[in-house]
Participant: 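Starting off with a structure, shown below.
In what follows, every chain begins at residue 1, and chains take the letters A, B, ... in the order their sequences are listed.
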Amino acid sequence: MKIPAPKYTRDFYPEEMRRREWIEAAWVDASRAAGFLPWDGPIFETLELYKRKSGNEIVEQLFNLASKGSQELAVRPEMTPSLARMIANRQASLPRPIKWYTIGRMCRYERGQRGRLREFWQWNVDLLGVDGPIADAEVMSVAVDGLERLGLTADDVALRINSRSLLSALLTSLGIAPDQHARVYGVTDKKGKVAQPELEKLYAQIGLSQETLTQILDLMNSQSIDDVRSFASRRSDEQVAKEIAKLEELFSHLASLEKGPYCQFDIGIVRGLAYYTGPVFEIFDRKGELRAVCGGGRYDQLMETMGGQAMPACGFGMGDVVLGELLNERKLAPPSDSPLDYYLIPMGDERLADVLSLTQRFRKGGKKVDYSPKAGNLSKMLKKASETGVKSVILVGGEEWTRGQVKIRDMQSREEREVSITDLV
RNA sequence: GUGGGUGUAGCUCAGCUGGUAGAGCAGCAGAUUGUGGUUCUGCGGGUCGCGGGUUCAAGCCCCGUCACUCACCCCA
């Protein structure tokens, strides 16, 4: 009886593994190129950690562990709580700015669908201790850089940016009480996902005055920062003006980082999370067929929530599932592996030991070497060697061996030459 | 949690009006005991997702169930 893999998980056979390593290498390279340092935490955390950040309802979506001790545990569904915990525990001594990245395996208990599985790999980049748009621009730029290293361009993906603090200032200027903002965000998050009439109905259900409702609908039609500015110009509001200026500064920094072609303002990007406090962003495929490839933003209050000291922070998470779908659609794949340097073939079983000792000498010398584990049909063994993509085959044995020589065959040119064994390594 | 689609070999699939399973690819071996990518031959591998029903007879029809998958809900 064969046992299938658990629901909504993937098996990584060598072909898929090569693909995953390719993606992870791009993430690592993009992070390190920008001076971010690697970190990691445990694969499971206390349930308390996740409850603290996200509330009790989160428990439904966690893989809870039946703990043998008194601690309730859960497999990590994201890295940010671990990040906040670890930073809080050493907050005073960590040099600023804190620029950290991590790539890890996450699990969420949910029904699978396209782009969503129960196990996935996620790249997190976070920058703490720096306030202002330059920090937001930095992490967004790294996210885009990671995608560029996989062959994606501004024709493939768009970086959609909004600002929670701008939204908040705008809503306040419309006379909407702060405790109602979350509900407005909740509806705004549906923008682009539901039809316009449906959206208007949802806004209406919040229970705002007709006048306010009209203004919100007007605001939500904004296609650019300029649109927001002209909307705001009807009533002068210092806070709104300040937020617009900050957002424009962010776009300006992104242009300096050569990410301009990716960027677009999108008032519908709010992110589900309550903890975002400033700029928020998501990266989408331009065709709009897939879920967000990446999402993040500024979360200046999280460190306090997690028991640390107040510290400005921003970052993003990028999963491998949607990204993988996108790469598939664009026919982007890892470059082929660098081939073996040598493939050794024993000419008769009595040469097996010699093949092994030569192999080991080559390997110690830094060469990539494989060999035929048994002597046999030479034609077949050459075929095997050929399939590995090896550059040269070494025939060990026969009449040459008695003269202290081996024959080296270049697999491309098919030329052969004899070399003395002592000169080999 | 709700709804749709699909289940036949490792993979992709064929299988007629029901007559007790096939192809291609992949794997392994041989043709070929000292010369590779082609070719030819052979071999292994399936309780046709599972259970029940109808029938002389079910991969095919009916019922149930499970799994996978897509979408909704949710989404850190």
Side-chain angles (χ1 to χ4, degrees), chain A residues 1-11 13 15 45 49-63 74-84 106-118 120 122 124 186 189-190 193-194 198 270-276 280 282 289-292 294-297 299 302 305-306 315-319 321-322 325 343 345-351 372 374-401 406-416 418:
Chain A
M1 173 105 178
K2 289 169 188 167
I3 301 171
K7 277 185 178 192
Y8 310 123
T9 64
R10 293 164 291 174
D11 290 329
Y13 289 86
E15 193 185 336
E45 290 272 8
L49 181 75
Y50 299 119
K51 282 183 178 173
R52 178 96 67 100
K53 182 190 166 225
S54 308
N56 286 338
E57 73 282 2
I58 204 74
V59 177
E60 299 299 315
Q61 291 156 46
L62 293 174
F63 271 97
V75 181
R76 62 189 182 191
E78 57 165 333
M79 289 305 282
T80 309
S82 303
L83 174 82
M106 314 288 150
C107 293
R108 295 178 187 177
Y109 188 81
E110 54 190 350
R111 274 291 298 255
Q113 48 190 289
R114 188 173 193 202
R116 257 175 96 178
L117 301 170
R118 284 191 177 166
F120 55 94
Q122 196 181 59
N124 281 254
D189 194 38
K190 305 276 185 215
K193 295 168 192 163
V194 302
E198 179 67 14
V270 293
R271 310 276 301 148
L273 272 173
Y275 67 69
Y276 286 114
V280 285
E282 293 184 347
E289 290 166 349
L290 304 169
R291 296 162 190 284
C294 167
Y299 50 96
L302 185 65
T305 308
M306 301 302 292
F316 69 82
M318 183 186 298
V321 182
V322 177
E325 303 248 3
Y343 189 92
I345 293 178
M347 309 299 289
D349 285 332
E350 68 278 9
R351 290 281 81 77
S372 172
K374 60 183 179 188
N377 186 320
L378 179 60
S379 176
K380 190 133 279 182
M381 289 189 290
L382 279 169
K383 192 175 170 184
K384 278 282 174 210
S386 177
E387 283 164 3
T388 70
V390 69
K391 294 170 196 158
S392 303
V393 163
I394 301 179
L395 306 180
V396 179
E399 173 265 335
E400 299 90 331
W401 184 261
V406 292
K407 200 179 264 182
I408 300 184
R409 179 179 177 86
D410 184 300
M411 292 303 274
Q412 226 129 62
S413 65
R414 296 179 181 236
E415 279 167 13
E416 294 182 347
E418 280 192 25

Participant: Using a strict 4.0 Å threshold on nitrogen-to-oxygen distance, state whether A:Lys407 and A:Glu416 make a salt bridge.
Facilitator: yes
Participant: Where the side chain of A:Arg108 is defined as all heavy atoms beyond and including C-beta, which of B:G34, B:A76, B:G1 is the nearest nucleotide?
Facilitator: B:A76
Participant: Among the candidates B:U35, B:C74, B:C28, find the nucleotide nearest to the side-chain atoms of A:Lys190.
Facilitator: B:C74
Participant: If you assign each of A:Gln113 and A:Leu382 to its closest nucleotide in RNA chain B, which residue comes earlier from the 5' end?
Facilitator: A:Leu382
Participant: Going through the checks in order, is the side-chain contact (heavy atoms from CB on, under 4.5 Å) test met by A:Leu382 and A:Lys380?
Facilitator: CA-CA 5 Å; A:Leu382 279 169; A:Lys380 190 133 279 182; over 6 Å; no
Participant: Rounding to an integer number of Å, can you tell me how far A:Tyr13 OH sits from B:A26 C1'?
Facilitator: 14 Å
Participant: Does the ring of A:Tyr109 carry A:Arg118 above it, NZ/CZ under 6.0 angstrom from centre and within 45° of its axis?
Facilitator: yes
Participant: Determine whether a donor-acceptor pair (one donor, one acceptor, N or O, separation below 3.5 Å) exists between the side chain of A:Arg116 and the base of B:C75.
Facilitator: yes
Participant: Would you check if there is a donor-acceptor pair between the side chains of A:Gln122 and A:Arg76 at a distance under 3.5 Å?
Facilitator: no
Participant: Taking side chain to side chain contact (heavy atoms under 4.5 Å, CB included) as the test, write out the residues that go with A:Ile394, two or more places apart.
Facilitator: A:Tyr342, A:Leu344, A:Phe362, A:Val396, A:Val406, A:Ile408, A:Leu424
Participant: Looking across every strand, which nucleic acid part, if any, lies under 4.0 Å from A:Met381 by heavy atom: base, sugar-phosphate, or nothing?
Facilitator: nothing
Participant: When you compare B:C56 with B:G15, how far apart are their C1' atoms, in angstrom units rounded to a whole number?
Facilitator: 23 Å
Participant: Between the base of B:G34 and the side chain of A:Glu400, is there a donor and acceptor pair under 3.5 angstrom?
Facilitator: yes
Participant: Within the 4.0 Å heavy-atom criterion, would you say A:Glu387 contacts the bases, only the backbone, or no part of the nucleic acid?
Facilitator: nothing
Participant: Base, sugar-phosphate, or nothing: which does A:Glu15 touch, judged by heavy atoms less than 4.0 Å apart?
Facilitator: nothing
Participant: Could you check whether A:Lys7 gets within reach of a base, just the sugar-phosphate, or nothing at all, counting any heavy atom under 4.0 Å?
Facilitator: sugar-phosphate
Participant: Just compare B:U32, B:G34, B:A76 and give me whichever is closest to any side-chain atom of A:Leu395.
Facilitator: B:G34
Participant: So, is A:Thr80 near the phosphate of B:A76, with a side-chain N or O under 4.0 Å from OP1 or OP2?
Facilitator: no
Participant: Going by the rule side chain to side chain contact (heavy atoms under 4.5 Å, CB included), which residues pair with A:Lys190 if we only count those two or more places apart in sequence or in a different chain?
Facilitator: A:Val194, A:Leu199, A:Leu202
Participant: State the CD-OH distance between A:Glu78 and A:Tyr50, to the nearest 0.5 angstrom.
Facilitator: 7.0 Å
Participant: Is there, by distance only and without an angle test, a donor paired with an acceptor across the side chain of A:Lys380 and the base of B:U32 below 3.5 Å?
Facilitator: no
Participant: Separation of A:Asp11 atom CG from B:C68 atom C1', in whole Å?
Facilitator: 14 Å
Participant: Taking the side chain of A:Leu378 as its heavy atoms from C-beta onward, which of B:C75, B:G36, B:G34 lies nearest to it?
Facilitator: B:G34
Participant: Would you say A:Glu399 has more than 12 foreign heavy atoms packed within less than 6.0 Å of its CD?
Facilitator: yes
Participant: In this structure, which stretches of RNA chain B are paired as stems of three or more consecutive Watson-Crick or G-U pairs, both distances less than 3.5 Å?
Facilitator: B:1-7 with B:66-72, B:10-13 with B:22-25, B:27-31 with B:39-43, B:49-53 with B:61-65
Participant: Salt bridge check: are A:Arg114 and A:Glu325 linked by an N-O gap of less than 4.0 Å?
Facilitator: yes
Participant: Round to a whole Å and report the spacing from OH of A:Tyr343 to P of B:G37.
Facilitator: 15 Å
Participant: Heavy atoms from C-beta onward define the side chain here; which of B:A29, B:A76, B:G34 lies closest to that of A:Lys374?
Facilitator: B:A29
Participant: Could you pick out which residue, A:Lys383 or A:Gly112, lies toward the 5' side of RNA chain B when each is mapped onto its nearest nucleotide?
Facilitator: A:Lys383
Participant: For A:Arg271 and B:A76, what is the distance between atoms CZ and P respectively, to the nearest whole Å?
Facilitator: 6 Å
Participant: Round to the nearest Å and state the distance from A:Lys384 atom NZ to B:U35 atom C1'.
Facilitator: 17 Å
Participant: Let's test your reading of the model: under 3.5 Å, does the base of B:G34 pair with the side chain of A:Arg409 as donor and acceptor?
Facilitator: no
Participant: Tell me the interatomic distance from A:Arg111, atom CZ, to B:G4, atom C1', rounded to whole angstroms.
Facilitator: 11 Å
Participant: Distance check, P atoms only: B:G19 and B:U2, in whole angstrom units.
Facilitator: 38 Å
Participant: By nearest atom, which of the nucleotides B:G36, B:U35, B:A76 is closest to the A:Met411 side chain?
Facilitator: B:G36
Participant: State which of B:G34, B:C74, B:U69 makes the closest approach to the side chain of A:Glu110.
Facilitator: B:C74
Participant: I need the CZ-P distance between A:Arg118 and B:U69, as an integer number of Å.
Facilitator: 10 Å
Participant: Report the distance from atom OH of A:Tyr109 to atom C1' of B:C74, rounded to the nearest whole Å.
Facilitator: 14 Å
